[in-house]
Amino acid sequence: MKKEKSTPQVAGVQPGLEKRRKYVELGAAVGLLLVLAAMMAPFLEGLVGHSMMWAKWVYAAGALVYTVARVVNVNAPGDSLRLRRLRRLEFWAGMCFIVGAAFWFYKLQYFSGFFAGPLAVMRQTVAFTMAGAVIQIVASWMIAYRMKKESKA
């Protein structure tokens, strides 16, 4: 006789929700790793060649993957309004990354006539990447804190 696999269900949580949350977090992590790789490439230009041309595409792809992962609804029906808003805040971190990608494309075209160095091209991109990172860090800490607090109640 076969044993049926049963997963423990938390009260009020849909069965496929945890699986969807894992995939969303994996997608967001992949997007952030692509953003990280692209941000490091211009400073390692001696090792990887003309990185400004391909790194902007990697950054844009990472920003898009991260934002799409944050658009997916992973809220349980019983989640509080505060927890829903914190998850929505993570989407805005992705929008910061997308604006940073737009600036990278614009500035690289603007400075294409002469060499101004990677920092001149990436000034706004670095600023929006840092803003997105701060938003992501604060939101993830607050989500973990809020979930822990709500699970006790």
Side-chain angles (χ1 to χ4, degrees), residues 1-45 47-48 51-108 118-119 121-153:
M1 191 160 150
K2 287 187 176 180
K3 258 188 166 178
E4 290 185 29
K5 278 189 173 181
S6 64
T7 57
Q9 293 184 5
V10 180
V13 176
Q14 300 168 347
L17 185 64
E18 288 301 319
K19 191 174 187 179
R20 190 173 356 146
R21 283 182 182 167
K22 286 180 186 177
Y23 285 134
V24 163
E25 290 301 321
L26 179 66
V30 167
L32 286 176
L33 287 174
L34 288 173
V35 167
L36 173 69
M39 290 299 292
M40 294 302 296
F43 302 109
L44 303 173
E45 195 159 347
L47 298 174
V48 293
S51 61
M52 294 296 280
M53 296 304 164
W54 61 265
K56 65 181 181 180
W57 291 101
V58 173
Y59 184 93
L64 187 64
V65 167
Y66 177 83
T67 305
V68 167
R70 293 305 180 198
V71 168
V72 176
N73 185 14
V74 293
N75 291 316
D79 284 347
S80 67
L81 184 61
R82 180 172 285 172
L83 194 56
R84 289 175 188 267
R85 286 181 178 166
L86 286 170
R87 287 204 176 105
R88 196 175 313 138
L89 187 63
E90 289 181 320
F91 164 76
W92 289 107
M95 291 309 293
C96 285
F97 295 141
I98 287 178
V99 171
F103 272 117
W104 195 342
F105 277 89
Y106 174 73
K107 289 292 187 175
L108 195 59
L119 198 54
V121 172
M122 296 178 53
R123 188 176 352 167
Q124 285 86 8
T125 301
V126 170
F128 277 99
T129 303
M130 293 302 291
V134 167
I135 292 170
Q136 170 59 36
I137 289 169
V138 169
S140 62
W141 283 346
M142 292 300 295
I143 287 171
Y145 171 75
R146 194 70 195 170
M147 287 181 74
K148 185 178 177 182
K149 189 174 181 179
E150 287 181 8
S151 69
K152 286 182 180 179

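Just so you know, these numbers come straight off a predicted model, no measurement behind them.
Contact check on Glu18 versus Arg21 returns a salt bridge, with a Lys/Arg side-chain nitrogen under 4.0 Å from an Asp/Glu carboxylate oxygen. Ion pair Glu25/Arg70 flagged as a salt bridge, since at least one NZ, NE, NH1 or NH2 atom sits closer than 4.0 Å to an Asp/Glu carboxylate oxygen.
Taking the six-membered ring where tryptophan is involved, the planes of Phe128 and Phe103 are essentially parallel, since the angle between them stays under 30° and well short of 60°.
Taking each heavy atom of Arg84 and Pro77 in turn, the nearest pair found is NH2-O, 3.3 Å. The nearest pair of heavy atoms linking Tyr59 to Gly100 is CE2-C, 3.8 Å.
Rounded to the nearest 0.5 Å, atoms OG1 (Thr125) and CZ (Phe97) are 12.0 Å apart. Tyr66 OH to Phe91 CZ: the interatomic distance, rounded to the nearest 0.5 Å, is 10.5 Å. Note that CH2 of Trp104 and CH2 of Trp57 are 12.0 Å apart. Values are rounded to the nearest 0.5 Å.
Applying the side chain to side chain contact (heavy atoms under 4.5 Å, CB included) test to Leu64 and every residue at least two apart in sequence or in another chain returns Val68.
Arg20 CZ: more than 12 foreign heavy atoms inside a 6.0 Å radius. Within 6.0 Å of CZ in Arg82 there are 12 or fewer heavy atoms belonging to other residues, nucleotides or ligands.
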* To do: Could you walk me through whether Asp79 and Met147 pass side chain to side chain contact (heavy atoms under 4.5 Å, CB included), step by step?
  => CA-CA 9 Å; Asp79 284 347; Met147 287 181 74; over 6 Å; no
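Sorted by first and then second residue, the ring pair (Phe, Tyr, Trp, His ring centres under 6.0 Å) pairs involving residues 130-152 (not counting sequence neighbours) form an empty list.
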